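Taking it in order: structure first as structure tokens, then the write-up.
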Amino acid sequence: MSEPLMSARGIHKSFGDNHVLRGVDLDVRPGQVVALIGPSGSGKTTMLRSLNGLEMPDAGTLAFDGGPEIDFSRPVPAAQRFAARDRSAMVFQHHNLFPHKTVLQNVTEGPVQVRKVPRAEAEARATDLLARVGLAEKRDAYPRELSGGQQQRVGIVRALALQPDLLLFDEPTSALDPELVGEVLHVMKSLADEGWTMVVVTHELQFAREVADEVLFLDGGVVAERGAPAQLFTHPREERTKQFLHRIL
Ligand code: ADP
């Protein structure tokens, strides 16, 4: 089996006296899709945000490509923190597009401002990516002129434009009207088929079942069960996984 692209060990995070993550391990290998499922409040989003420095864990380690570990129990140098952040890009529950910028401007903002990609190159890449998600003709539109599903597809393109090694999805369909969910999941499935490495927090268990290579069931800030989807969804070993699936399915 290949080396993990990213390896998180023993991640702990508290908000005040709310101990949200209680020692979570997560490995993602190149090309793998890992789904995080579990009840609301179990720590899925906090774990995802801990993987790219949007949340600073209190303890645990994070490493890329088997390289040096970031140890969160000590002060993390800014350079290390930003290096980790540069490896991944996040797709949020709410697309967070700039309302006064066009689709193209939204997509090129990160590459041009943060990654210092020449504008012409960033625009060419953005145009190509927009075409791949069926939004070529929306290049010059403003976010308010798009449907929720189209906005979220732009959110995905914006993440792709950063050319990350790892895509992080935080419940990307949960704010959408049900009829718009399919188009976004379709794009995510194509990305998985193309070999993108992805960690996905999702309530879409059917999607997790079809697309994920590994599923982690979080409950109370720990991984209560992990496994291949065929095993975890069909023959869960743990009683709390069974109860969760029973409630949801
Ligand atoms: P999930 O994604 O599984 O629903 P979250 O990671 O969003 O769970 O939240 C886990 C717990 O952490 C919840 O009790 C939530 O209220 C708390 N929490 C998350 N983010 C913050 C924050 N920034 N400040 C305080 N509490 C937070």
Side-chain angles (χ1 to χ4, degrees), residues 5 30-31 33 35 45 48-49 51-55 82-204 206-207 210-211:
L5 170 70
V33 178
T45 292
L48 193 76
R49 292 168 62 87
L51 299 178
N52 83 337
L54 283 175
E55 222 53 92
F82 290 127
R85 185 173 293 186
D86 279 355
R87 300 298 299 267
S88 60
M90 177 87 82
V91 178
F92 297 93
Q93 183 173 3
H94 297 281
H95 52 75
N96 298 349
L97 298 176
F98 297 112
H100 302 300
K101 290 185 191 286
T102 64
V103 164
L104 187 70
Q105 288 165 342
N106 266 285
V107 174
T108 53
E109 173 86 9
V112 171
Q113 302 298 334
V114 183
R115 304 273 158 94
K116 308 299 176 201
V117 176
R119 182 171 296 280
E121 187 185 325
E123 290 187 353
R125 199 193 303 149
T127 304
D128 175 49
L129 289 169
L130 287 167
R132 276 164 57 189
V133 302
L135 291 176
E137 78 286 6
K138 299 294 184 188
R139 224 179 85 117
D140 300 317
Y142 287 88
R144 65 172 180 281
E145 298 168 322
L146 306 182
S147 71
Q150 290 172 333
Q151 290 173 355
Q152 194 55 302
R153 276 145 69 196
V154 175
I156 293 174
V157 166
R158 186 178 49 178
L160 295 176
L162 292 169
Q163 298 191 298
D165 295 317
L166 178 63
L167 285 170
L168 306 174
F169 292 87
D170 186 10
E171 300 188 23
T173 59
S174 60
L176 295 177
D177 291 336
E179 72 272 20
L180 302 177
V181 168
E183 64 188 77
V184 174
L185 293 181
H186 176 76
V187 169
M188 291 169 65
K189 189 167 185 317
S190 326
L191 295 174
D193 290 342
E194 285 172 27
W196 282 88
T197 310
M198 301 165 44
V199 180
V200 184
V201 171
T202 187
H203 293 295
E204 299 288 338
Q206 190 56 37
F207 173 82
E210 281 174 28
V211 178

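In this text the structure is predicted, and so the values were computed from the model without any measurement. Residues: numbered from 1 along the sequence shown. All values below were derived from every heavy atom in this structure, side-chain atoms included, with hydrogens, water molecules and symmetry-related copies excluded.
Under the 4.5 Å side-chain criterion, counting only non-hydrogen atoms from C-beta, Val157 is not in contact with Val103. Annotation: side chain of Thr197 is not in contact with side chain of Asp165 (no heavy-atom distance under 4.5 Å). In this structure, Arg139 and Thr102 have side chains that are not in contact, with every pair of non-hydrogen atoms separated by 4.5 Å or more. You'll find the side chain of Phe169 stays beyond 4.5 Å of the side chain of Val184, heavy atoms only. The closest side-chain heavy-atom distance from Leu146 to Arg153 is not below 4.5 Å. Counting heavy atoms from C-beta on, the side chains of Gln93 and Thr45 never come closer than 4.5 Å. Side-chain contact check for Glu183 versus Gln150: some heavy-atom pair is nearer than 4.5 Å.
The backbone N or O of Leu97 sits nowhere less than 3.5 Å from a side-chain atom of Gln151 that would complete a donor-acceptor pair. Remark: side-chain polar atoms of Glu194 are not paired, donor with acceptor, to backbone N or O of Lys189 under 3.5 angstrom. Between the side chain of Arg85 and the backbone N or O of Gly53, at least one donor-acceptor pair lies under 3.5 Å.
Annotation for Pro99 and Tyr142: closest pair O-CD2, 3.7 Å, computed over non-hydrogen atoms. Shown here for Leu166 and Met198, the closest heavy-atom pair between the two residues is CD1-N, 4.3 Å. Nearest heavy atom pair, residue Gly110 against residue Leu162, reads C-CD2, 3.8 Å. Residues Pro111 and Ala161 approach most closely at CG-O, 3.5 Å, considering heavy atoms. Looking at every heavy atom in both residues, Gly149 comes nearest to Leu180 through N-CD1, 3.7 Å. Closest heavy-atom contact between Ser88 and Leu168: OG-CD1, 3.8 Å.
Note: Asp170 CG to Thr202 OG1 = 10.0 Å, rounded to the nearest 0.5 Å. In this structure, CG on Leu130 lies 10.0 Å from CG on Leu160, to the nearest 0.5 angstrom. Rounding to the nearest 0.5 Å places CG of Asn106 at 11.0 Å from NE2 of His100. Distance check: Asp177 CG to Glu179 CD gives 4.5 Å after rounding to the nearest 0.5 Å. Here Gln105 contributes atom CD and Arg158 contributes atom CZ; the two are 13.5 Å apart, rounded to the nearest 0.5 Å. Between atom CD of residue Glu204 and atom OG1 of residue Thr173 there is a gap of 4.0 Å, rounded to the nearest 0.5 Å.
A side-chain contact (heavy atoms from CB on, under 4.5 Å) with Met188 holds for exactly one of Val211, Asp193, Ile156, Val91; it is Ile156.
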Working for side-chain contact (heavy atoms from CB on, under 4.5 Å), residues Arg87 and Leu5: CA-CA 10 Å; Arg87 300 298 299 267; Leu5 170 70; 3.8 Å; yes
side-chain contact (heavy atoms from CB on, under 4.5 Å) between Phe207 and Val181, worked out: CA-CA 11 Å; Phe207 173 82; Val181 168; over 6 Å; no
side-chain contact (heavy atoms from CB on, under 4.5 Å) between Leu104 and Glu123, worked out: CA-CA 7 Å; Leu104 187 70; Glu123 290 187 353; 4.0 Å; yes
Derivation and outcome, side-chain hydrogen bond (donor to acceptor under 3.5 Å, both in side chains), residues Arg125 and Gln163: CA-CA 10 Å; Arg125 199 193 303 149; Gln163 298 191 298; 3.1 Å; yes
side-chain contact (heavy atoms from CB on, under 4.5 Å) between Met90 and Leu48, intermediate numbers included: CA-CA 9 Å; Met90 177 87 82; Leu48 193 76; 3.6 Å; yes
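Remark: Glu109 engages Lys101 in a salt bridge, criterion side-chain N to carboxylate O under 4.0 Å.
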